[in-house]
Amino acid sequence: MKRFLFARSGDNIVEQCTHDPVVRAAVEQLFVNMVNENTLYGVLSTYQRNWFFWRETLESKTVLHISDCVYFSARGPSVLKCICALLAW
């Protein structure tokens, strides 16, 4: 059975994680990959919708920050500008 990540209206991926196991699994997989690869930034994309992730370690715990949804058609900032900003870090 194929599983697809589909963001519902509102595009609040944090809220969707509590209601949709497919969305939760995708976010968890990205987080685990970020920890295993020791990266601070990640991107989750459905092509039309994009979320940017930042992993921060505070004392003995790790916090995952998730951006608001950035649409592919966005003009300010565009998805390309967001990705370029990540690569510049």
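Rounded to the nearest 0.5 Å, atoms CG (L87) and OH (Y41) are 11.5 Å apart. Between the SG atom of C69 and the CZ atom of F52 there is a distance of 9.5 Å, given to the nearest 0.5 Å. Interatomic distance, CZ of R49 versus CG of L44, reported as 12.0 Å (0.5 Å rounding). To the nearest 0.5 Å, the span separating CG on L64 from CH2 on W54 amounts to 10.5 Å. How far OG1 of T39 is from CG of N33: 8.0 Å, rounded to the nearest 0.5 Å.
Shortest non-hydrogen contact noted between L40 and M34 is O-CE, 3.4 Å. Closest non-hydrogen pair, V27 versus F53, comes out as CG1-CE2, 4.0 Å. A pairwise comparison of heavy atoms in E15 and H19 identifies O-CD2, 3.2 Å as the closest pair. Considering all non-hydrogen atoms of both residues, S45 and N50 come closest at OG-OD1, 2.6 Å.
Under the ring pair (Phe, Tyr, Trp, His ring centres under 6.0 Å) criterion, F72 pairs with Y47, sequence neighbours left out. Not counting sequence neighbours, the partners of V63 by the side-chain contact (heavy atoms from CB on, under 4.5 Å) test are L58, H65. For E59, there are no side-chain contact (heavy atoms from CB on, under 4.5 Å) partners two or more places apart in sequence or in a different chain. With sequence neighbours excluded, no residue satisfies side-chain contact (heavy atoms from CB on, under 4.5 Å) with T18.
Under the side chain to side chain contact (heavy atoms under 4.5 Å, CB included) rule, W51 has a single partner from T46, V14, N12, D68, which is T46.
Identified under the salt bridge (Lys or Arg N to Asp or Glu O under 4.0 Å) test for residues 25-36, with sequence neighbours left out: R24-E28.
Side-chain atoms of R55 and L30, non-hydrogen and from C-beta on, never get closer than 4.5 Å to each other.
Applying the 6.0 Å contact sphere to CD of E56 captures more than 12 heavy atoms from other residues, nucleotides or ligands.
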For this session: Test Q48 against Y71 for side-chain contact (heavy atoms from CB on, under 4.5 Å), laying out the working first.
Result: CA-CA 6 Å; Q48 292 296 327; Y71 292 94; 5.8 Å; no
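Its side chain outside the 4.5 Å cluster rule for every partner, L80 clusters with none of the Ile, Leu, Val, Met, Phe, Trp and Tyr residues.
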